[in-house]
Amino acid sequence: MANSAFLVSTVLLSCLAATCYGATISSLKETLLVTASPTPGQVVKAGEDKITVTWSYNNTFASGTDSTYKTIQVKLCYAPISQVDRAWRKTVDNLAKDKTCQFKIVAKPYSPSNNTFTWTIERDVPTATYFVRAYAFDSANEYVAFGQSTDAHKTTNLFQIQGISGRSVSIDIASICFSAFSVVSLFGFFFMEKRKAKASQQK
Ligand SMILES: *[C@@H]1O[C@H](CO)[C@@H](O)[C@H](O)[C@H]1NC(C)=O
Ligand SMILES: *[C@@H]1O[C@H](CO)[C@@H](O)[C@H](O)[C@H]1NC(C)=O
């Protein structure tokens, strides 16, 4: 009894905490301008290619709006097309539960302008369509603002990353086929030579 009361109050408290701190994407102002270097639709390769991200404060907002911003975290996020039927990439308004942005690109102290970072796409990033998002945090490490390299519907300026696993599997298959082919042709060549040798002996 005491246990379940404790459980209920814990659940209630954590729900309250989530709403009190307003850690939902819909409650955040989009005050940051973010760009990512791949052109729309470009295919870049995990483990090889680099992405350059820039971000700055959108000066259309009143100056001082960013006075509480302490740090910036830049993340790589799944576009809706790569979230379909994949609960583990689902967008949830509550940012504590959101799974849209799973790859950290960089975290830095906040600066309103002249921010750029070049990231080599990590080897564990899977094949999918992506965009880049930046979150601003205050000194209590709460979300206070964001910006993203795509529009609100997440349909523009998307790019594709080709994951390493898909690539290495096809390379492996290709090399297995190739070695099988070489063994067969080597034997073929060997037998042909033998037959030729026999034939010339019999002459
Ligand atoms: C800056 O923010 C304003 C207000 O939200 C928006 O209308 C404008 O398009 C933004 N600027 C850029 C360059 O996106
Ligand atoms: C922007 O950053 C670069 C590299 O850190 C620096 O050389 C340049 O002077 C900076 N520009 C401004 C306007 O702060």
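Numbers for residues simply follow the sequence, beginning at 1. Just so you know, ligand 1 is whichever comes first in the structure, and atom 1 is the first atom listed for that ligand. FYI, side chains are in, hydrogens and waters are out, and symmetry mates aren't considered; it's all heavy atoms of this structure.
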_Intermediate values then yes/no, side-chain hydrogen bond (donor to acceptor under 3.5 Å, both in side chains), Thr65 and Tyr57_ = CA-CA 10 Å; Thr65 305; Tyr57 180 64; 3.2 Å; yes
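Aromatic pair Phe137/Tyr69: ring centres not closer than 6.0 Å.
Within a 4.0 Å radius of atom 7 (O) of ligand 1, the protein contributes no non-hydrogen atoms.
Here Thr31 has no heavy atoms under 4.0 Å from ligand 1, in either its backbone or its side chain.
For atom 10 (C) of ligand 1, the nearest non-hydrogen atom of the protein is Asn58 ND2, 2.5 Å. Regarding atom 5 (O) of ligand 1, its nearest protein heavy-atom neighbour is Phe61 CZ, 3.7 Å.
Residues Asp93 and Ser26 bring a donor and an acceptor atom of their side chains to less than 3.5 Å of each other. Judged purely by distance below 3.5 Å, without hydrogens or angles, the side chains of Ser63 and Asn59 never pair a donor atom with an acceptor atom.
Between Thr35 and Val53, the closest side-chain pair of non-hydrogen atoms is not below 4.5 Å.
Between atom 12 (C) of ligand 1 and the options Leu32, Leu33, Val34, the minimum heavy-atom separation is to Leu33.
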